[in-house]
2 protein chains.
Amino acid sequence: MRGDSTAPNADEQRVPDRAERTRGPRRALVEAEILDEAARLFATRGFAATSMQEIATALGTSRPALYHYFTGKDEILTRLVQGLADDSRRALDQAAAVRGGAEERLAGLVCALAAPIAAAPLRARLIRSSLIELLDLDGQFAAVRDEVLLAVSGVIDEGCESGEFRRCDGRVVAFSILGMINWLAWWYDPATGPSPEALTGELSESALAMVRAQTADHGPVGVSGAIAAMRRDLDFLERTVCGDGSVTKS
Amino acid sequence: MRGDSTAPNADEQRVPDRAERTRGPRRALVEAEILDEAARLFATRGFAATSMQEIATALGTSRPALYHYFTGKDEILTRLVQGLADDSRRALDQAAAVRGGAEERLAGLVCALAAPIAAAPLRARLIRSSLIELLDLDGQFAAVRDEVLLAVSGVIDEGCESGEFRRCDGRVVAFSILGMINWLAWWYDPATGPSPEALTGELSESALAMVRAQTADHGPVGVSGAIAAMRRDLDFLERTVCGDGSVTKS
DNA sequence: CCTACCGATCGGTAGG
DNA sequence: CCTACCGATCGGTAGG
C-alpha cells in the first residue's frame, strides 16, 4: 500500500498543472472548467457532433475565447483522454504495491481500476466514444491499455497455475473483468446507485468469484459448456506440459 | 417453446424483408449491402464523422444513389439499431424457452445475448457509439434494454432467494454480466480469438461462477486435476449426446 | 477576449 | 410509363 498520495484528487492538488506552472493559477482554473464542460458534452452528444459554440455557450463565453486556452477541439479531447490514461497508470501503480496471493492482487487491480470510473463515469465514457474519432489518440492510449490487460490476465494466469483459480482462458476472463469494470461508465450513477466504496467492493467480489476454484459437484452446463470446459483443460495442459509461448495464439 | 424459427440466420432467409416484399429482391439486396458498409464505417469512424460520400465510395457508387434507398443518413442508422434491438428481442425469446433452475436459465440468457455480438462485433458497437448521436433512437431502444436488464437481474434474484446463488446485489451483478457480454464488441475478433461457440461457453461459465453459491474446499488442481476434469466432461458428453439421441446444435 | 470572416465540406436534392 | 442511377449544385454550418 502506497498510502493516499496516489489518490487522484490529492494528486491534482499537490502537483501543479502544466498550465499552472507556465501561465499561472487563473489559467489552470479556466482550463479545468473548459475540460469539465467539454467532457460532459462529448460524452452526451459525441465528439464530432459537439461544436465549439456549444461548449462556449454552456460556459457563458464566446467561441473564439476557447482558442485562447486550447489550439482547437482536438487538443481538448487529447487532454481529456490523457487524464484518463493517467488514471489507469495510477491504478496500475497502486495495484502493483499490493502484496499477497493472486486473489488479493486481483482484488486490488479491480478496485484500483474501477474507482476512477465510479468517481467520474461521464468522463470515462470518452475512452470508447472518442478514441474512434481521433485516431492519433488510440496510439497514445494503446500502451497503457495493453499494460492493464497484461496485468489482469497475468495475475489470472498465475492464480490458475497455483491452483487458487479455476482453469480458464486468462485472456477471455481478463477482458470479461475489464468489461465489467468499464461498463460502469454507462450505467453507474453515484447519486442513485450504491456508494463507490460498496460498488468497488461488490465488483472485486464478483471478479474473484468468477475465477476462484470451485468444487466440482456442479457439472458443466450443456454440451457447449462441457466442450468449453474441456477446451480450457486442454489449453491448461498445453501450457503446463509443453511449456510456454510456443503455441500461443496472439 | 417457439422452436428454431427464432434463429437469426434462418429468420433472414425465411421471412422476406420489408423492402423485398414491396420493391423486389434486387432492392433488398442493395439495401443490405449499404447497411453492412455503413455499419462498418459508423463503428470505426463514428456516426457524425462518417459522410455519405465515404459510404458511397466504399460501395463503388455515387452519393445520390444512396438516397434512392434511404431517406438519409439518419434512416440508415435507425435501421441498423432496429436490427440490433431485434437481435436482443430474439435472444430474450430464445432464453425464455429455457426450462430449469436459475443456473440453466442464466446460462441460456448469457449465451443468447452474447451470440449475436460475437457474430458481428462491429455492428454491436453501434449501440453505445450512436445512441448518443441520434437521441430519438434511445427511446426506441430503451424498452428492450430494460427488458434485458430485468430478465438478467430477475433470474439472479430468484437464484439468490432459492439459495442456488450467493447473496449479492442483483442489479449490480446483472450490469456486471451485461458489461462482460457487451464489451465483446470492442475486443473480440472471430478471426484471431476463440470460436463463437467456445466464447459463449466461456462467458456463461464465467457468469455462473460469478453468482454461484460456493463451498470452501477446492477441487483437485494441477495436471492430474485437469485430466480428471476432462474425464468427467467426456462422461457428461457421452451421456448427453449418445444417451439422449437428439443432438442439439446451437 | 469579441466581431467579422475565410476555405472546405456537410447532408440532401434539383433536372435529365 | 417504370426503375435505377448520374453530374452538378443547392442552402447552411462546421472549425479555425
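In what follows, chains are A, B, ... by sequence order, proteins preceding strands, each numbered from 1. If you're wondering where the values come from, they're calculated on a predicted model, not measured in any experiment.
For A:Ser51, whose side chain is taken as the heavy atoms from C-beta onward, the closest listed nucleotide among C:dT3, D:dA14, D:dA4 is D:dA14. The side chain of A:Tyr67 lies closest to D:dG16, out of D:dC6, D:dG16, D:dT3. Distance from the side chain of A:Met52 is smallest for D:dG15 among the nucleotides C:dG11, D:dG15, D:dC6. Nearest to the side-chain atoms of A:Tyr69 among the listed nucleotides C:dG11, D:dC5, C:dC1 stands C:dC1. Comparing D:dC6, D:dA4, D:dG15 against the side chain of B:Pro64 picks out D:dC6 as the nearest. Distance from the side chain of A:Arg63 is smallest for C:dA4 among the nucleotides D:dC6, C:dA4, C:dG11.
B:Thr61 comes within contact range of the sugar-phosphate backbone alone, with a heavy-atom separation under 4.0 Å but no base atom that close. Heavy atoms of A:Phe70 sit nowhere under 4.0 angstrom from any nucleic acid atom.
The closest side-chain donor-acceptor pair between A:Thr50 and A:Glu54, if any, does not fall under 3.5 angstrom. Remark: the B:Ser206 side chain and the B:Glu202 side chain contain no N/O donor-acceptor pair separated by less than 3.5 Å. With hydrogens and angles left out, the side-chain atoms of A:Gln82 and A:Thr78 include no donor and acceptor closer than 3.5 Å.
D:dG16 and C:dA4 have their C1' atoms separated by 13 Å, with the value rounded to a whole Å.
Contact between the side-chain N/O atoms of B:Ser62 and the OP1/OP2 oxygens of D:dC6 is found at a separation under 4.0 Å.
Rounded to whole Å, the distance from CD on B:Gln53 to P on D:dT9 is 16 Å.
Looking only at distances, a side-chain donor or acceptor of B:Tyr188 sits under 3.5 Å from a matching main-chain atom of B:Pro194.
Remark: A:Glu37 pairs with A:Arg40 by the salt bridge (Lys or Arg N to Asp or Glu O under 4.0 Å) rule, at least two apart or across chains.
The strand DNA chain D forms no stems, meaning no runs of 3 or more Watson-Crick or G-U wobble pairs with distances below 3.5 Å.
B:Asp36 has a carboxylate O that lies under 4.0 Å from a charged side-chain N of B:Arg123, or vice versa, which qualifies the two as a salt bridge.
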